[in-house]
**Q** 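Dumping the structure here so I can ask a few things about it.
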Amino acid sequence: MSVSPPLPHLSRLYQTEFVRSARAVGVLWAVCSLCLAIIQVVVLVQPSWVGTGETQHLGGRGPVPPSGTLGLFEVCVESDWPVLDCRGGLSSLSPLPSFQSVAMLVGVSLWAVWTSVLCLCLFRFCSAATVYKICAWLQLTAGFCLALACLLFPDLWESPEMRTLCGDSVGSFSLGNCSVHWAYILAILGILDAAILATLAFVLANRQDALLPPDAKEVTTGLLMSA
């Protein structure tokens with residue numbers, strides 16, 4: 001006849017398994033959060049939101065628009081030299097006049113994501129559940145601002161910068177001779193990434209609050225910090 005382990009021993013085994021799984025998922029979440037922060041920087045600084053593609057010059061009249069790409073801070077067009085001729089840039093810390101609102105939203109999103117990464121240091125001073133909830137709300141804010149930026153950006157395509165690059169056929173939600181480039185697609189993927197990471201952070205916070213026995217929550221926080 002087998003004898004079941006005493007209740008304190010079962011509680012300790014349960015707590016150890018919980019800490020091991022929470023640690024692994026938490027590390028994965030932290031690494032993905034850092035990757036999202038890097039993606040946000042690339043989205044903000046790269047002049048590759050839209051650009052000329054292989055499309056034909058619409059209308060067949062007037063001068064053919066130059067080939068190049070456009071971002072939130074600069075417009076780059078091909079020149080006779082091997083390098084692109086870019087106007088604007090981060091050196092002036094001033095986005096293109098037509099896309100200042102979009103740049104501001106992406107900047108707020110960038111601030112929220114990097115703040116959530118810096119909040120990882122709070123694991124040394126606060127409970128794990130509290131830190132996860134703070135980071136989750138910050139990542140939700142980042143995803144919301146980035147989503148607004150991606151929705152607002154096509155409405156501003158009828159701008160002087162876009163007309164110079166994409167021709168007179170360009171308009172709101174109509175790219176004319178241009179096409180969406182990889183930085184804009186990366187911004188959309190960043191929205192999904194932020195939503196997934198925020199959801200995972202809320203799940204980890206709820207696991208910290210609900211799955212452990214009431215008398216083991218304080219001990220678990222200490223184990224997570226000392227690991």
**Q** Specify the closest pair of heavy atoms between Glu161 and Pro97, including all atoms of both residues, with the distance to one decimal.
**A** OE2-CD, 3.4 Å
**Q** For the pair Ser48 (side chain) and Ala183 (backbone), establish whether a donor and an acceptor sit closer than 3.5 Å, ignoring hydrogens and angles.
**A**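 Not at all, since once roles are kept as given, no pair shorter than 3.5 Å links the two residues.
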**Q** Report yes if the side chains of Phe173 and Pro154 come closer than 4.5 Å at any heavy-atom pair, otherwise no.
**A**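 They are in contact (side-chain heavy atoms under 4.5 Å apart), so the answer is yes.
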**Q** If I compare all heavy atoms of Ala112 with all of Leu138, which pair ends up nearest, and what's the gap?
**A** CB-O, 3.5 Å
**Q** Going hydrophobic residue to hydrophobic residue with side-chain gaps under 4.5 angstrom, can you get from Leu151 over to Leu44?
**A** no
**Q** Side-chain heavy atoms under 4.5 angstrom apart, residues restricted to Ile, Leu, Val, Met, Phe, Trp, Tyr: same cluster for Val43 and Val41?
**A** yes
**Q** Does any N or O in the side chain of Ser174 come within less than 3.5 Å of the main-chain N or O of Val170, such that one atom is a donor and the other an acceptor?
**A** no
**Q** Walk me through whether Phe73 and Val45 qualify under side-chain contact (heavy atoms from CB on, under 4.5 Å).
**A** CA-CA 7 Å; Phe73 283 84; Val45 303; over 6 Å; no
**Q** side-chain contact (heavy atoms from CB on, under 4.5 Å) for Val75 and Thr164? Distances and angles first, verdict last.
**A** CA-CA 10 Å; Val75 181; Thr164 301; over 6 Å; no
**Q** Mind checking the CD-OG spacing from Glu158 to Ser98? Nearest 0.5 Å is all I need.
**A** 10.5 Å
**Q** Indicate yes or no for a side-chain donor-acceptor contact from Ser109 to the backbone of Leu105 under 3.5 Å, with no hydrogens or angles considered.
**A** no
**Q** Which pair of heavy atoms, one from Trp29 and one from Ala201, lies closest together, and at what distance?
**A**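 Looks like NE1-CB, 3.7 Å.
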**Q** Rounded to the nearest 0.5 Å, what separation is found between the CG atom of Leu152 and the SG atom of Cys145?
**A**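 So the gap between those two atoms works out to 12.0 Å.
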**Q** Look at the side-chain heavy atoms of Ile, Leu, Val, Met, Phe, Trp and Tyr, link any pair under 4.5 Å apart, and say whether Val25 and Leu36 land in one connected group.
**A**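 Yes: a chain of side-chain contacts under 4.5 Å links Val25 to Leu36.
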**Q** Determine, stepwise, if the pair Met162 / Leu70 fulfils side-chain contact (heavy atoms from CB on, under 4.5 Å).
**A** CA-CA 8 Å; Met162 289 289 294; Leu70 177 144; 4.0 Å; yes
**Q** Is it possible for you to say whether Leu186 and Val106 belong to one hydrophobic cluster, with membership spreading through side-chain heavy-atom contacts below 4.5 Å?
**A**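 Yes; tracing contacts between hydrophobic side chains, which count when under 4.5 Å, links both residues.
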**Q** Between Phe153 and Phe99, how do the two ring planes meet: parallel, tilted or perpendicular, split at 30° and 60°?
**A** tilted
**Q** Above 12 or not: heavy atoms from other molecules or residues under 6.0 Å from CH2 of Trp182?
**A** yes
**Q** Could you check whether any side-chain heavy atom of Pro47 comes within less than 4.5 Å of a side-chain heavy atom of Leu72, counting everything from C-beta outward?
**A**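 They are not in contact (no side-chain heavy atoms under 4.5 Å apart), so the answer is no.
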**Q** If only atom types and distance count, is the side chain of Ser169 paired as donor or acceptor with the main-chain N or O of Gly176 below 3.5 Å?
**A**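 Such a contact is absent between Ser169 side chain and Gly176 backbone.
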**Q** Please step through disulfide (SG to SG under 2.5 Å) for the pair Cys178 and Cys166, ending with a clear verdict.
**A** CA-CA 5 Å; Cys178 292; Cys166 304; 1.9 Å; yes
**Q** Considering non-hydrogen atoms only, spot the tightest contact between Leu96 and Gly71 and give its length.
**A**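 Smallest interatomic distance, heavy atoms only, reads CD1-O, 3.4 Å.
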**Q** For a quick test of reading the model, state the closest non-hydrogen atom pair linking Asp193 to Cys32 and the distance between them.
**A** OD2-O, 4.2 Å
**Q** Minimum heavy-atom separation for Gly190 and Leu146, please, with both atom names.
**A**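 Taking every non-hydrogen atom into account, C-CD2, 3.9 Å.
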**Q** How long is the span from the CG atom in Asn177 to the CZ atom in Arg163, to the nearest 0.5 Å?
**A** 12.0 Å
**Q** Kindly compute the distance separating OG (Ser127) from CG (Leu122), expressed to the nearest 0.5 Å.
**A**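 So the gap between those two atoms works out to 10.5 Å.
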**Q** Taking Thr130 for the side chain and Cys126 for the main chain, is one N or O donor matched with an acceptor at less than 3.5 Å?
**A**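 Looks like no, no N/O pair under 3.5 Å.
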**Q** Could you give the distance from SG (Cys119) to CH2 (Trp114), rounded to the nearest 0.5 Å?
**A** 13.0 Å
**Q** Mind checking the CZ-CD1 spacing from Phe144 to Ile191? Nearest 0.5 Å is all I need.
**A**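 Rounded to the nearest 0.5 Å, the CZ-CD1 separation comes to 11.0 Å.
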**Q** Hey, what's the ring geometry for Trp49 with Tyr184, parallel, tilted or perpendicular (30° and 60° as the breaks)?
**A**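 Rings of Trp49 and Tyr184: tilted, 30 to 60°.
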**Q** For the hydrophobic clusters of this structure (ILVMFWY residues joined by side-chain heavy atoms under 4.5 Å, transitively), does one cluster hold both Leu192 and Phe202?
**A** no
**Q** Dump the intermediate steps for side-chain contact (heavy atoms from CB on, under 4.5 Å) on Ser179 and Val50, then the final yes or no.
**A** CA-CA 6 Å; Ser179 60; Val50 297; over 6 Å; no
